[in-house]
Engineer: 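Dumping the structure here so I can ask a few things about it.
Sequence lines set the chain letters: A, B, ... in the order given, protein chains first and strands last, and positions in each chain run from 1. Just so you know, these numbers come straight off a predicted model, no measurement behind them.
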Amino acid sequence: MARNVDEALAPILSGLEWLGIDWDEGPGVGGPHAPYFQSQRSAGHKAAVERLLASGHAYRDFATPDDLDEERKAAQAAGKPFLYSRRFAAFDDATAARFVAAGRSGVVRLKMPREGALVIDDAVRGRVEFAWEREQDHVIQRADGSCLYHLASVVDDHDFDITHVIRAEEHLSNTPRQAFIALSLGYTLPAYAHLPLVAEPGSRTKLSKRKLAQYLKNQDFKQVAEHGTRIAERIGLAPEADTFNPVIVDFYRAVGYLPWAIDNYLTLLGWSYDDSREFFSREELVAAFTLERINSSPASFDPKKLWAVQDHYMHALPVDEKLPLMLPYLERAGLLADPPTAEQVAIVRQAIEAAGDRLKVAGDILAYADFFLVDEPVMDEAAVKQRLAKPGVRDVLVAAAESLRTTAPFAPAAIEAALKQVVEARGLKTGDVVHAVRVAVTGRTVGPGLYETLAILGRDRSLARLDRALPLAG
RNA sequence: GGCCCCGUCGUCUAGAGGCCUAGGACACGGGCCUUUCAAGCCUGCGACACGGGUUCGAAUCCCGUCGGGGUCACCA
């Protein structure tokens, strides 16, 4: 089975797996209807074609592409919709033999009805009607005997006992020819449900992974893309924009989104439960979901809303569950020993706790914990300029260090009290001390709460960093 | 262009004739809190595409207009 999973399929299957979207039977699982790949079922497809031929629902056709082109152009010139004349159709063996003798090769086409209409009752769209005369005599089998997707798909669905065909709206116009095949083969039609398309941010056009450059002009989209790229680069992924971007599932996996957040968000695109409920566990969603509440208009992908849903779930995740999700990012960024020491793990755990809601995706740990794991923090130039290189800061740092030298226990509450004392003694504002100390020990202006940060760092490292920052202070 | 689908705040949506001076969420604006950044809390802005009907009454039903989208392969 595995060798049949080609390069294009593997990422799709692994993407679904990551999202937690599994299947009862099929590739990788097996089941009573195996095999599950179209390429392995060609015998059944060919048999179906023979049946259609025998029952007069299909015919052998010997037209060349040029013949068809000619007819198409003529119809266009006459302002009429194109409909093949069946001029090169062979409804019996003798005719076929004649075409073959003339050097033509044949395909099999559907002999579509030229009157009447197909009415389907779509679970999402309701009653939809198609006039048969608008349908082309589509090819279902090539000259080499291989069958085309629409034929294969209908036969496979039937053989698999598929009851519901639920797919994107772009397939709505394919339904008549598929229904014709099914009906002609004597199958009972499955229930159809055509889902709204996921559209581009701020638009109603179908989202396409080939139009990334255009989406990047959208501020929200750009922000998400850049945030992800920053993380990817730090773990050595060297992402390329055309394969690593927010329309690809793997982007979210690499950056550290929670798969269920994506599922939940996507569910909300075109479906609602009621006038207010938006969050569902997997079990709740399975119980609550119905086709009836699917919308029929396209829904545009909103990166900001996805972000909010992700925030919600990450927010709710216990530290014990965040830890194994985040550790790999630090490992891949080279900030941890291999394997990480118990001490390192303990530090990361504390950092996760201290960073709290600031960690939106697992990869964010890189921005909020890296300075705990290095000997010397990278000093951000702008941060130094803003918070250290100012008159009087040096004295503040010295005083803070002095106070921290004896603070006991070296824990957030005591550290806060100690630093507040420095503030009062010098008639400063809390921020004056906090901002300066933060930049001195982390190299940055933003981060977890300073008292927690110092506690995690520990007295020795805190003092050492304060000391090292002195030359930079004014 | 033909056929088909769709049209409520910027976005996702609730709404199946009176419950709608149209509700919720995200985003956005203002405020509070505050050691940064987040989070949280309060608050504001903001929509029934348009035009005709039907009805005592329409976002909800009908018709038309306009607008948007999908699809038109010997691809899947």
Engineer: Measure NZ/A:Lys73 against C1'/B:G1 and give the value in whole Å, please.
Structural biologist: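 The distance from NZ of A:Lys73 to C1' of B:G1 comes to 16 Å, rounded to the nearest Å.
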
Engineer: Residues in salt bridge (charged side-chain N to carboxylate O under 4.0 Å, His left out) with A:Glu284, at least two apart?
Structural biologist: A:Arg277

Engineer: Residues two or more places apart in sequence or in another chain: which of them pass ring pair (Phe, Tyr, Trp, His ring centres under 6.0 Å) with A:Phe91?
Structural biologist: A:Tyr59

Engineer: What is the per-nucleotide protein-contact pattern of nucleotides 14-27 of chain B, from the 5' end, where B denotes a base atom under 4.0 Å from a protein heavy atom, S denotes such proximity for sugar-phosphate atoms only, and - denotes neither?
Structural biologist: SS-------BBBSS

Engineer: Using the salt bridge (charged side-chain N to carboxylate O under 4.0 Å, His left out) rule, pick out the option among A:Arg109, A:Lys111, A:Arg114 that qualifies with A:Asp137.
Structural biologist: A:Arg114

Engineer: Where along nucleotides 69-76 of chain B does protein come under 4.0 Å, by heavy atom, of base (B) or sugar-phosphate alone (S), with - for untouched nucleotides?
Structural biologist: BSS--BSB

Engineer: Can you list everything that forms a salt bridge (charged side-chain N to carboxylate O under 4.0 Å, His left out) with A:Glu321? Sequence neighbours excluded, please.
Structural biologist: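 Listed in chain order: nothing, the list is empty.
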
Engineer: Along nucleotides 35-46 of chain B, 5' to 3', which nucleotides get a B, which get an S, and which get a -, given that the test is a protein heavy-atom distance under 4.0 Å?
Structural biologist: BBBSS-------

Engineer: Between A:Arg134 (CZ) and B:C5 (P), how many Å, whole number?
Structural biologist: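 Taking atom P of B:C5 as the reference, CZ of A:Arg134 is at 14 Å.
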
Engineer: Please state how far atom CD1 in A:Ile294 lies from atom P in B:U13, giving the value in whole angstrom units.
Structural biologist: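 One finds 11 Å between P of B:U13 and CD1 of A:Ile294, rounded.
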
Engineer: Can you name the residues that form a salt bridge (charged side-chain N to carboxylate O under 4.0 Å, His left out) with A:Asp159, not counting sequence neighbours?
Structural biologist: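 Per chain and number, A:Asp159 pairs via salt bridge (charged side-chain N to carboxylate O under 4.0 Å, His left out) with A:Arg41.
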
Engineer: Say we look at B:U8 and B:G15: how far apart would their P atoms be, to the nearest angstrom?
Structural biologist: 14 Å

Engineer: When you compare B:U11 with B:C28, how far apart are their C1' atoms, in angstrom units rounded to a whole number?
Structural biologist: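 Nearest-Å result for B:U11 against B:C28 at atom C1': 12 Å.
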
Engineer: Kindly list each side-chain donor-acceptor pair under 3.5 angstrom involving residues 445-456 of chain A, sequence neighbours excluded, with atom names and distances?
Structural biologist:
| from | atom 1 | to | atom 2 | distance (Å) |
| --- | --- | --- | --- | --- |
| A:Thr453 | OG1 | A:Gly449 | O | 2.8 |

Engineer: Show me the pairs that pass side chain to side chain donor-acceptor pair (under 3.5 Å) and involve residues 298-318 of chain A, at least two apart or across chains.
Structural biologist: A:Asp220-A:Lys304, A:Trp260-A:Tyr313, A:Asn264-A:Tyr313, A:Glu278-A:Lys305, A:Asp311-A:Lys360, A:His315-A:Asp357

Engineer: Does a donor on one side chain sit under 3.5 Å from an acceptor on the other, for A:Arg142 and A:Ser146?
Structural biologist: yes

Engineer: With heavy-atom distances below 4.5 Å as the criterion, would you say the side chains of A:Phe301 and A:Phe221 are in contact?
Structural biologist: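 When only atoms from C-beta onward are counted, A:Phe221 and A:Phe301 do touch, with a gap below 4.5 Å.
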
Engineer: What distance, rounded to whole Å, do you find between the two C1' atoms, one in B:U21 and one in B:C61?
Structural biologist: 24 Å

Engineer: So A:Gln76, base contact, sugar-phosphate only, or nothing? Heavy-atom distance under 4.0 Å.
Structural biologist: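 Since no nucleic acid heavy atom lies under 4.0 Å of A:Gln76, the category is nothing.
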
Engineer: Where each residue is assigned the nucleotide of RNA chain B containing its nearest heavy atom, which of A:Ser297 and A:Glu135 is assigned the position nearer the 5′ end?
Structural biologist: A:Glu135

Engineer: Can you tell me how far P in B:C6 sits from the matching atom in B:G64, rounded to whole Å?
Structural biologist: 15 Å

Engineer: Between B:C9 and B:C3, how many Å separate the two C1' atoms, rounded to a whole number?
Structural biologist: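 33 Å, rounded to whole Å.
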
Engineer: To the nearest angstrom, how far is A:Arg167 atom CZ from B:C5 atom C1'?
Structural biologist: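 Checked: the CZ to C1' distance equals 14 Å.
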
Engineer: Which side chain to side chain donor-acceptor pair (under 3.5 Å) pairs, counting each pair once, include a residue from residues 420-437 of chain A, with sequence neighbours left out?
Structural biologist: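 Qualifying pairs, neighbours excluded: A:Glu416-A:Lys420.
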
Engineer: Distance check, C1' atoms only: B:A47 and B:C32, in whole angstrom units.
Structural biologist: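 It works out to 30 Å between them.
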
Engineer: Between B:C74 and B:G68, how many Å separate the two P atoms, rounded to a whole number?
Structural biologist: 30 Å

Engineer: With sequence neighbours left out, what residues match A:Arg134 under salt bridge (charged side-chain N to carboxylate O under 4.0 Å, His left out)?
Structural biologist: none

Engineer: Can you tell me the pairing partner of B:G17 across any strand shown, Watson-Crick or G-U wobble, with both distances under 3.5 angstrom?
Structural biologist: none

Engineer: Among residues at least two apart in sequence or on other chains, which ones pass ring pair (Phe, Tyr, Trp, His ring centres under 6.0 Å) with A:Phe251?
Structural biologist: A:Phe244

Engineer: Report the distance from atom CG of A:Leu207 to atom P of B:C12, rounded to the nearest whole Å.
Structural biologist: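 So the two atoms are 13 Å apart, to the nearest Å.
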
Engineer: Taking atom C1' in both B:G46 and B:G24, compute the distance separating them and give it to the nearest angstrom.
Structural biologist: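 My reading of the C1' atoms in B:G46 and B:G24 gives 14 Å.
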
Engineer: Searching all strands shown, indicate the nucleotide that pairs with B:C3 (Watson-Crick or G-U wobble; both distances under 3.5 Å).
Structural biologist: B:G70

Engineer: Does any nucleotide pair with B:C26 by Watson-Crick or G-U wobble geometry, both distances under 3.5 Å, and what is it?
Structural biologist: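 Base-paired to B:G10.
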
Engineer: Counting only Watson-Crick or G-U wobble pairs whose two distances fall under 3.5 Å, which nucleotide matches B:G57?
Structural biologist: none

Engineer: Side chains of A:His194 and A:Arg125: any donor to acceptor distance under 3.5 Å?
Structural biologist: no

Engineer: Give one of base, sugar-phosphate or nothing for A:Gly270, where a contact means two heavy atoms less than 4.0 Å apart.
Structural biologist: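 It contacts sugar-phosphate atoms only.
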
